[in-house]
Number of protein chains: 2
Amino acid sequence: MTELTARRAATRERLVDAAVVVFAEKGVLGAAVEEICEAAGFTRGAFYSNFTSKDDLCVELLQRNYELQMAALDQAIAGIDAAPTSNLDDLIARTLDMFFAAQPEGRHWVLASQELRLHAARSPEFAPAYRRFTDQGTLRVAETIRSVVQALGYELTTSGPAAIGLLHAVHEYGTLGSLIGSGTLEGGYKERLLAEVLRTLVRPSSTTVR
Amino acid sequence: MTELTARRAATRERLVDAAVVVFAEKGVLGAAVEEICEAAGFTRGAFYSNFTSKDDLCVELLQRNYELQMAALDQAIAGIDAAPTSNLDDLIARTLDMFFAAQPEGRHWVLASQELRLHAARSPEFAPAYRRFTDQGTLRVAETIRSVVQALGYELTTSGPAAIGLLHAVHEYGTLGSLIGSGTLEGGYKERLLAEVLRTLVRPSSTTVR
DNA sequence: GCCTTCCGATACAGAACTGTATTGAATACG
DNA sequence: CGTATTCAATACAGTTCTGTATCGGAAGGC
């Protein structure tokens, strides 16, 4: 698509990776361009030669994140056992695996994701770019989960995106809660709740599986 | 408890109110002390005379928020129709009213709440203070909802805090989503989802209502 | 009404960050 | 190879923010 030397691509990647860490620690607006460059082992010269602004880098970060997660999702699909099952627990477990494959992992990524989401909520300039990747990702995950559920002999009780939204909400809340160390959330809280929620989102398929 | 002149109290309040706005726009770490003071119509002299640091002000903000929401909750309780009902929709509506009473409202408060939550997740120094208010609030809301549900002839299917966590997760996600303007979330999405979730969280009481 | 105490404004010195213009070293190419 | 080009480092000038020390006016006590 774009002409990019290997050197340049590597620089951009290092900067983006560093941004994840710094965003996680300081937030998008609290992160100084200088700090990101330092974390990546560059000076600002490298930054301004590759990006026009911090928001510009944020978009690249979204893109990278999107691609990595879709790749992980594809891999998870390839590895799934596609035989229909009458065991609901089985279905739940396999479906959640799909979902988790498309979620950020590790403290830095989790925090950075939330920071980006919040940045989109407060910045009208950034929001469109954020929506672009998020909506597309949600649709793809929804479609994937819908087809997995169907292959296993079940169907969703609600629209795909609504189901994903619900899972996403619980996942985010629980993950952040465990980082904060909230006392009202016991261990395994998130997993249990997700399984329970998912149980209400599927039912045995009314139509015969082809 | 603490000796505080009226003048001082007013200054602190104005600073805290201003902080909500600036935090919403810039995030906790992106907000300059200077900026908060300016928004409140003071200079930094006032700030450092009243607070030792930005985190110190954050704690005061948590406290204020907690007290306002608990007061709103108390008021909501007072206004509720306590007659048992066999109409589930009725129950759902009244229970959600309780819950909403204890949620922040308005763009600034919503964003600031999220910023504080994220700040707690990344800052070990701030997290304990955040937990203190959050856990206490969750317990109080949980207990309130539990007793309302019971008075109406139903019971919760899960622990109070777990139920509140689930509602809270969906509420936050939906609210932020509507600020971002996500395309996969149609209007009324949040309310519909909350009602549906709540439906799975209650069942007719097995024991007789006293 | 005067005097004391309080408390926010001002002054200050330094640190951190910004974006740009220029330079020099690495890389690619003929 | 040597030369042209690319790209990150450096130099620069300006702005913003920090926390503290000091000052002066307003509030409250006698």
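Chain letters run A, B, ... following the sequence lines, proteins first and then strands; every chain starts at 1.
The minimum heavy-atom distance linking K26(A) with R122(B) is given by the pair C-NH1, 4.2 Å.
The nearest whole Å value for the distance from the CG atom in D56(A) to the P atom in dT18(C) is 15 Å. When rounded to the nearest whole Å, the span between CD of E34(B) and P of dA16(C) equals 17 Å. In this structure, CD of E35(B) is placed 10 Å from C1' of dT16(D), rounded to the nearest angstrom. Between E38(A) atom CD and dA8(D) atom P the separation is 17 Å, expressed in whole Å.
Relative to the side chain of R44(A), the nucleotides dA11(D), dA9(D), dC7(D) differ in distance, and dA11(D) lies closest. Picking from dT10(D), dG8(C), dT18(C) the nucleotide with the shortest atom distance to the side chain of S49(B) gives dG8(C). Side-chain proximity of A46(B) to dT18(D), dA9(C), dC17(C): nearest is dA9(C). In the set dA9(D), dT18(D), dC7(D), the nucleotide with an atom closest to the side chain of T5(A) is dC7(D). Closest to the side chain of R7(B), from the set dT18(D), dT18(C), dC6(C), is dC6(C).
For the residue pair N50(B) / T11(B), no side-chain donor-acceptor distance below 3.5 Å is found, with atom types taken as modelled.
When side chains are defined from C-beta on, Y154(B) does not count as touching T95(B), because their heavy atoms never get closer than 4.5 Å.
Using a 30° and 60° split on the angle between ring planes, H119(B) and F126(B) fall in the tilted class, from 30° to 60°.
Not one side-chain nitrogen or oxygen of N50(A) sits closer than 4.0 Å to the OP1 or OP2 atom of dC7(D).
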